[in-house]
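Heads up: the structure comes next, in structure tokens.
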Amino acid sequence: MPTVDHYLVLSGLLFCIGAFGLLTRRNAIGVLMSIELMFNSANINFISFSKFLTPQALTGQAFAVFVITIAAAEAAVGLAIVVLMYRNFDVVDVDYIDFMRW
Amino acid sequence: MDSEGLLKYITEEYKDKIIDSGIVGGVATIEVKPGDWESIAEYLKGDMETRFLSVSNYGAVDYREKLGGYQLVITLFSYEFNHKLTMKTLLPAEGEECPEIKTLSAVWPVADWFERETAELFGIVFVGHPDPRHLMLDEDWDGEYPMRRGWSGRDFITKPDK
Amino acid sequence: MGIISKLPAYVERVPGGGIMTTSAEKFLNWSRASSIWYMLFGLACCAIEGLMATGASRYDFDRFGMIFRASPRQADLMIVAGTLTHKMAKRVKILYDQMAEPKYVISMGGCANRGGPFYYDSYSVLKGVDKIIPVDVYIPGCPPRPESVLEACLKLQDKIKKEKLADWAASTD
Amino acid sequence: MFELGGIFEAIGKWLNGFLPPVWVTIISAVITGLAVLGFLSLLALFLVWWERKISAHMQQRYGPMRTGWHGVLQTIADGVKLLQKEDLMPKDADRIVYFWAPIICFGAAFMAYLVVPFGKGIIVQDLNIGILYIIAITTFTVVSLLMAGWASNNKWALLGGMRSAAQIISYEVPLSLAIVGAVMLAQTLSMNGIVSAQAGGFWHWYVFREPLGFLVYYIAATAEANRTPFDIPEAEQELVAGFNIEYSGMKFAMFFLAEFVNMFTVSAIAVTLFFGGWQPLFSFLGFIPSWVWFMGKSLVSVFVLMWFRWTYPRIRVDQLMNFAWKFLLPLAFLNIILVGFGIVVFK
Amino acid sequence: MSLVRQTTNGIYNLILGLAVTVKHLFKHAITLQYPKERWTMPERSRGTVVLLSDTETGKLNCTACLMCEKACPVAAITIEREKNPETKKFEPTSFTIDMGICCYCGLCEKACNFSAIKLTGKYEMSIYDKSELIYDMDFLQKLGRDVKYEKRKRVVKKTAVKKATAKPKTTEARAESGDKKAEGTSSTKDDGDVKEKPKNETEEGKE
Amino acid sequence: MTVKELKTEEFMVNMGPQHPSTHGVCKLVIKMDGEEIKEITPHVGFLHRSIEKIGENRTYAQFVPYTDRIDYVASMNANHAYVIAAEKLGGVEVPERAEYLRVIMAELNRIASHLVWLATFAIDLGAVTPFLYAFREREMILDLFEMTCGQRLTYNYMCIGGVNWDIPKEFEPKLREFLKIFPSRVDDYEDLLTNNPIFLYRTKNIGILSKETAFEYSVSGPSLRGSGVKWDIRKAESYSIYDRFDFDIPVGYNGDAWDRYRVRMREMRESAKIVQQAIDGLPGGDIQTKVPRTWKPPEGEVFTRIEAPRGEMAYHIVSDGSTKPYRMKIRTASFCNLQVLPIIGINHLIADLVAIFGSLDIILPEVDR
Amino acid sequence: MGLAVFYILAAVILVSALFVVTLRNIFHSALMLIVCFFGVAGLYASLNADFLAAVQVLIYVGAVTILIIFAVMVTHQLSGKKIRQYNDQPVPAGLIIISLFLLFVVSLSKTGFEVVKSISSSPTVEGIGKALMTSYVLPFEVVSIVLLVALIGAIVIARKD
Amino acid sequence: MIGNFAYAGIWVLVAIGFVVITFFFARLIRPQRPNPTKSRNYECGEFPLSDSHLQYNVKYYLFALIFVIFDVEVVFLFPWAAVFRALGLFAFIEMLVFLAILIFGLIYAWKKKALQWV
Ligand code: SF4
Ligand code: SF4
Ligand code: SF4
């Protein structure tokens, strides 16, 4: 049976991959996808804690639902911004936008 | 107005431009000079007495043997007054020559395709035509004009005279 | 790949293998023959008779398991129904080439066969569809009756049923 | 006597006798999987034939006649023929995506049957999130259609893929909301639980408790299954063939199969949620095996879908969206509120 | 209020549509089950062109007058003729019709004054090989053998043309005559008893 | 912050020559923005069979079969247009009975043609069943034609000076039976389509053709009448014997696809009415005036037109006094009607384009000839 | 058995996640993201969180990735100019990430968790429902506000007027 | 629990296996005759006018956006529906508030013409 550590290491790895994508991607959509990966790694933590530490209370699971909600809202707004960016600057390149300082 | 009345009206109105007029096959017919082709068309369309808003037919006849040129024939028509008028003009041409004439597609948009068709089939150049591509023929048609009399070309077989 | 085209040669060496291959062949041929999907593609007058009227209730292609597919990728049969002009011939060739094997062609009506009434004095009609693509069955007529089209389909089925595994499954790559 | 539920249990028991539990799980999963696959293939064969027959008779034709008795073997012939069809892939296509799209499409359609209660005790896994599981797993269909449309590198396919994705997601919201209504009544998400909650005569069926919910569900389900009047994605007259335009042979067959499987899925869910699943019409009719009831009801529902298809014109894509968001969605909300009131008041 | 009316109207019309289709579901199919059933072809049916022979002598009626050749709009007919030294009359030595370009217009039949050429109700003429589209004299004669007709009087006035009647046999003309093109018609034949169907007395009649 | 319009890539796509809804071999190159159509360029000529050239090399009688192929959906009307022109050219009188038969056939063919249109239009909108119902009725008309002239599609029925065949004796009872059941069949179609909300949504306010545009592009036939112009050559320039019959000219109001649909549906009923009157008043007598085998009309030219199911069909024949026409120009309705498509089709969705194309009732041989 | 399942799922998740951040074609990245999410859903299922597994698929696969794919199609001209997918610092970024991970592992090894032996698996849907309706009422209502704000914000941003 | 979902996992493999095996079987018996035209894209009998991996119109995007929000909402509705009867009126009112806020969102979207296909 995997222990809580297994899950934590997995979630750590996933988080790091997401962070790596966040740092290296220039495409704003790519950045958003990396962020979604990081959200997921957080959720894995919540759920493994919920299973291993508080199996009765389901706190972790309830939290994970909220996190998913926030992630979805974030994706919606984030992608709307990407579309807006594309519309105004004709690119989806985060570096470029940073340069523009709007 | 019936055909005669119409013909009378038009011949009086545009006396100086009309070479010939008459009733052919029940339709009032006038013949004009190629130079007046477009201007008289415009008049006829705008004239409140005639109101030729529509084109019923528009084509060419290869009269090179008989009259030494191509005859353009346009039949105008008015929904309002229910009368029609045929207008003709003779474009002199010899042999393989391509005569030129002003386009009517600005006057009647529907003339667009009629002219494209006539242009590719008879080799009449419509000056100022907005879209002088081939209409009926293949895009890579070799540039000859198949509706001219006596034309022959790629696998064209004339019906044996039996 | 079409490995199956080479299979009979091996299987037939085994006792009883001959029967096996022939019955497999029969089954496969039967399936192809009774599920001919034709391409929704008409050219001229013949299309009204050959595709629309024959597909309608009175004659009903569906009885033969024939339904239309608009995409050549999913069609087995191209019914060249109507006059083929030089301009269109190029496109027909493209469509034929884009059909997936195994594919069949029925040439319907005089125009597709030999140019029909437009054989003489026409500067734009291709005189026979077989000049650009191979044809399996010709139907004379102008236009042929829907029954003639059905008959041609039966003939095509006969032809398919006689096919050899090696012939249709062989690949050229 | 003809109840099949016991058979599966018996097999499970027998396997348990000599194998470690892990292997029992794997083997029984594979067996049930194959059994359902077989059932679905037969079902699809039947449904395709049936649709052709029904449409033919509605149009005063016969439909397939020359392969077997009244053409019963027609779909087999079609299938075998598709097997022999050359498999094409445009050279500009996205190879991997192009390959996986039909697999995912069929897989998503198939996976839903994990929780469909075919009869009393005939259910592969009665997950306690049953209905949610179906909603979740069928979203893969959208993904597969988008993949197919995108990978083909064909404009018609892309249009079809985008359209169907937009359509399915739009109708998913009212669909889920309509299902929520049934869940509120049954107080459980498990499919078996929902069926059991409707026991005891047809007046207990939820279609009579929340007819509005049923209406919303059925309309949305028609759209989810891509049936006319909502068959926009493959609209033959507009998009030639829609997302599957470049597919041929077996890959096309998978889309085709998935379409019919999906049609049965939505019918099965409709029956489960609103028509008492495998419950008989009256309790004294219980001697008829439960799976007969289930299949009978589902097939009636499938027939209605077919009936729609051969009667109505196709709706336009923007009207389709408007209909989902401006008509069905408010209705679905209204349904939830009404059901809630009903429960609170009548308890 | 109009919204309600619109909706009810819409639903009513949707149901109306469903009613129409389901009504037809229980109507009899009007399909002709082709290889098993065939229509009785109308007498004037303009199908394959045949050459008619004299019922007694079995010789072609054609006098090689070339009227049909002249009348044919597509020049599908080619006739070569020779003067028979005995009778001092022309006889066709070769008579070919190119069925690939024939447009089944019937002008040849109209032009012929000797009831020698006729368009019949035969339609099952599909072939595998294009060269067989050119029908020669023998074949045309063979096709015309079972065609019943009435010898046309020299018509002076062209009114109320009395048509030669023909009752085409429904079975495969080609398969029967067992000629060069007979192969490959098995499926049309082996369907057993072939029924002849009168053209619908409007489908209603059958319900 | 100013927000710019989202730039989307407009793309061009070929619709046709092989496309289910172009009814033959028409190619529309459309520029689309998403699903919205920004520009339509029709490409025609895929069926250009050079019939005009052929016309110069055939005798007048030999050309009749070719007229069948100009509008194969309504061959009788196409025959009619040609023989009227030729008769006018040569001053040939037509017997009374032949005129009646011509009208019966032409009107029946108008019904058949509208049925084909209905079938394809319905299928364009995704309704398959009306297609089969419409073809069922069309078959009944074809049966009538077949028993009269032996062909189902290319009739070659009319000839210069009359008609080629008299009607057989079974014709009349069959025709009466058809006329009896036909209105109820039209009711069926109307039940399936006319007020069906989905159908209304798909056709109302779609592809509005204004009167002015219709005039400029010389649109004719039901497409013109759908825009509210009460114009029908059968009434306005009464040819043949149409002045003896009592019928209405249905017109629409908005000129949208639905109006064009309604006009055609009602026209079918009107045509049935004409046929009824014609068969009731069918006189006896000759069916053909004798025209010599080598018929030579006098030198001259003639321009006549008739109301074909799709609109004005006109012949301009120039004769040089020989057995063959010197020049034959054929004006067809679809040739002009198709030209309005780029005007009324833009800014619609691609699904609407299909509906508009269907409602204009274009058939390609008429465009290309 | 449990461990095997875990490792398989972990492999799926990590490999697909790696693909997500490295693939050149953004559409393929989005598809790999789906695989990754599906793997995570499997992980949830193996952690007795069946409701969450379904939600994961429903929201992430069914909604978020579809949205991402749509955004890709809206904004991305895959045919035209190739947008550069990466900036110039993959190496420093990699180093940062590796050190971050090491830090994480070290801190993890220092921490001890009180693992409670999980008893039976109770149905989670009801549990979550109760929790939402009782202890988390406020966050629950706040979520609706968040969603509303997100909706309004997204519409305002994405619409052109 | 894990057993329940193990079925799902194994079924995924079964489904993929089934399809792949069918594909493989088809590969054995089908012919393969490529030609250059065949591997071009189909576009109604012409060669494609342009590449079709093109940037697409925004209209679908807005629907997806709204869909995400409502899908999340559905997720909250399910657990509520499952326990609703037990919790009674209070839960119902809570949910009414929740729904009301979101319906407001819908109305907003409607009024903002985000649901309009322009
Ligand atoms: S063969 Fe006759 S009917 Fe067929 S397309 Fe040619 S002309 Fe038309
Ligand atoms: S039917 Fe017409 S085309 Fe055929 S041979 Fe006779 S005259 Fe010529
Ligand atoms: S068939 Fe008739 S018209 Fe023709 S050559 Fe013989 S006799 Fe003369």
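Hydrogens, waters and symmetry mates are skipped; everything else that's a heavy atom, side chains included, is used. Sequence lines set the chain letters: A, B, ... in the order given, protein chains first and strands last, and positions in each chain run from 1. Just so you know, these numbers come straight off a predicted model, no measurement behind them.
Heavy atoms of F/Tyr133 lying under 4.5 Å from chain C are absent altogether. Contact of C/Ala44 with chain F is made through backbone and side chain together, with heavy-atom distances under 4.5 Å. Proximity to chain C (any heavy atom under 4.5 Å) is shown, for F/Ile363, by neither the backbone nor the side chain. Of the atoms belonging to C/Met52, heavy atoms from both backbone and side chain fall under 4.5 Å from chain F. Of the atoms belonging to F/Leu364, not a single heavy atom falls under 4.5 Å from chain C.
For the pair C/Lys103 and C/Tyr96, the cation-pi test (distance below 6.0 Å, angle within 45°) is passed.
In terms of heavy-atom pairs under 4.5 angstrom with chain F, the leader among C/Ala47, C/Ala53, C/Cys111 is C/Ala53. If you tally non-hydrogen atom pairs under 4.5 Å between each of C/Ser71, C/Pro143, C/Pro72, C/Ala56 and chain F, the highest count goes to C/Pro143. If you tally non-hydrogen atom pairs under 4.5 Å between each of C/Pro117, C/Gly82, C/Ala89 and chain F, the highest count goes to C/Pro117. Considering only heavy-atom pairs separated by less than 4.5 Å from chain F, the leading option among C/Asp60, C/Leu84, C/Thr85 is C/Thr85. When F/Arg69, F/Gln151, F/Glu56 are compared by the number of non-hydrogen pairs under 4.5 Å with chain C, F/Arg69 comes out ahead.
Under 4.0 Å is where a charged nitrogen must lie from a carboxylate oxygen, and between F/Arg110 and F/Glu107 at least one such pair does. Salt bridge status for F/Asp361 with F/Arg264: present, with a side-chain N to carboxylate O gap under 4.0 Å.
Under the 3.5 Å distance criterion, the side-chain polar atoms of F/Asn79 are matched with a main-chain donor or acceptor of F/Tyr157.
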| task | Report the C-alpha distance between C/Tyr123 and F/His48 in whole Å, list the side-chain angles of each, state the deciding distance to 0.1 Å, and finish with yes or no for ring pair (Phe, Tyr, Trp, His ring centres under 6.0 Å). | result | CA-CA 9 Å; C/Tyr123 49 83; F/His48 181 57; 5.6 Å; yes

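C/Asp121 meets the side-chain contact (heavy atoms from CB on, under 4.5 Å) test with B/Phe156, B/Thr158, B/Lys159, F/Ile54, F/Asn57, F/Arg58; sequence neighbours excluded.
Residues F/Tyr315 and F/Thr67 form a side-chain contact, since some pair of their non-hydrogen atoms from C-beta on lies under 4.5 Å apart.
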